[in-house]
Peer 1: 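Sharing a structure here in structure tokens format.
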Amino acid sequence: MDPFAALGDPVRRGLVVRLARGPARVVDLTADHPISRPAISRHLRVLAEAGLVEAEDHGRERHYRLRRDGLAAIADWLAALEAPAAPRPRFTESAFDGLDLEVRRTGRERRAEAEPATPHPSPPQEETA
């Protein structure tokens, strides 16, 4: 079974989280969930088929433990998602806003310097004849 499909069930994800802390018996795992021992055993069988857990017999009891190497496919997939697909921009949007403001201010200043000074109209002079 595919490990992704096995982890699709919330009970199985909970079992994996619990087994990450250390081995446990079915009875111990059942105490953490509101379902029967046979149901927990079925979930553990699915996880075992996916290569995520393994059972070890100790007398009359079965102890389950997490197989961390079974999580490798999931870890590889997650690592591939974290790898950047494209370089991230080095500048934030606010840096571009500041640049835009500076360009507009400089453009206004240059236009003001380039415009010829408007002469003040002189008062009409009286003609003397």
Side-chain angles (χ1 to χ4, degrees):
M1 170 173 256
D2 179 41
F4 292 96
L7 291 175
D9 185 276
V11 172
R12 290 193 286 267
R13 287 193 304 270
L15 291 170
V16 168
V17 168
R18 168 54 186 87
L19 292 172
R21 295 191 315 248
R25 302 173 302 162
V26 175
V27 68
D28 299 328
L29 296 170
T30 303
D32 297 337
H33 299 281
I35 57 178
S36 67
R37 249 192 273 179
I40 291 291
S41 292
R42 284 191 294 274
H43 283 295
L44 289 167
R45 187 172 350 149
V46 169
L47 291 171
E49 289 172 6
L52 299 173
V53 301
E54 63 185 1
E56 192 174 293
D57 290 329
H58 291 275
R60 294 179 12 186
E61 297 178 335
R62 295 195 93 181
H63 291 245
Y64 285 86
R65 70 178 185 88
L66 181 64
R67 288 190 55 204
R68 295 190 186 276
D69 60 329
L71 296 172
I74 295 167
D76 293 344
W77 183 75
L78 289 172
L81 290 178
E82 291 178 359
R88 295 182 183 202
R90 295 183 333 180
F91 303 103
T92 62
E93 193 68 31
S94 63
F96 287 117
D97 290 342
L99 177 62
D100 181 55
L101 181 65
E102 185 62 23
V103 167
R104 289 174 188 259
R105 185 187 62 76
T106 303
R108 276 194 305 268
E109 288 176 359
R110 287 188 180 166
R111 280 192 301 277
E113 290 172 1
E115 291 176 2
T118 311
H120 294 287
S122 51
Q125 297 179 356
E126 294 181 19
E127 291 186 23
T128 53

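Computed from a predicted structure; not experimentally measured.
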Peer 1: Hey, quick one: are F4 and V11 part of the same hydrophobic cluster, counting side-chain heavy atoms closer than 4.5 Å, chains of contacts allowed?
Peer 2: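 Yes, F4 connects to V11 through the hydrophobic network.
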Peer 1: For D28, what residues pass the side-chain contact (heavy atoms from CB on, under 4.5 Å) criterion, not counting sequence neighbours?
Peer 2: A24, R25
Peer 1: Looking at every non-hydrogen atom in both residues, tell me the closest pair between A50 and P3 and how far apart they are.
Peer 2: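 Residues A50 and P3, closest heavy atoms: CB-CA, 4.0 Å.
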Peer 1: Output all residues satisfying side chain to side chain donor-acceptor pair (under 3.5 Å) with R60, sequence neighbours left out; order by chain, then residue number.
Peer 2: none
Peer 1: Assigning hydrophobic clusters by single linkage (Ile, Leu, Val, Met, Phe, Trp, Tyr; side-chain heavy-atom cutoff under 4.5 Å), is W77 placed with L47?
Peer 2: yes
Peer 1: Taking the side chain as C-beta and beyond, is there a heavy-atom pair between L7 and L52 under 4.5 Å?
Peer 2: yes
Peer 1: Compare all side-chain heavy atoms of L71 with those of L66 and state whether any distance is below 4.5 angstrom.
Peer 2: yes
Peer 1: Answer yes or no: is there a side-chain heavy-atom contact under 4.5 Å between H43 and I35?
Peer 2: yes
Peer 1: Are side-chain heavy atoms of L19 and L29 found at a separation under 4.5 Å?
Peer 2: yes
Peer 1: Taking the side chain from R18 and the backbone from G22, do they hold a donor-acceptor pair closer than 3.5 Å?
Peer 2: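 Answer holds: yes.
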Peer 1: In terms of heavy-atom contacts, does CZ of R13 have more than 12 from other residues, nucleotides or ligands at under 6.0 Å?
Peer 2: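 Enclosed: over 12 neighbouring heavy atoms sit under 6.0 Å from CZ of R13.
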Peer 1: Could you point out which residue of R37, E61, H63 forms a side chain to side chain contact (heavy atoms under 4.5 Å, CB included) with V26?
Peer 2: R37
Peer 1: Salt bridge or not for R110 and E113, using N-O below 4.0 Å?
Peer 2: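 Here R110 does not pair with E113 in a salt bridge, since their nearest N and O are not under 4.0 Å apart.
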Peer 1: Do V53 and L15 have side chains that approach each other closer than 4.5 Å (heavy atoms only, starting at C-beta)?
Peer 2: no
Peer 1: Got T106 and E102 here, is their nearest side-chain heavy-atom distance under 4.5 Å?
Peer 2: yes
Peer 1: Is the shortest side-chain N to carboxylate O distance from E49 to R45 below 4.0 Å?
Peer 2: no
Peer 1: Linking I/L/V/M/F/W/Y whenever any side-chain heavy atoms sit under 4.5 Å apart, do V16 and L44 land together?
Peer 2: yes
Peer 1: Are side-chain heavy atoms of R62 and D57 found at a separation under 4.5 Å?
Peer 2: yes
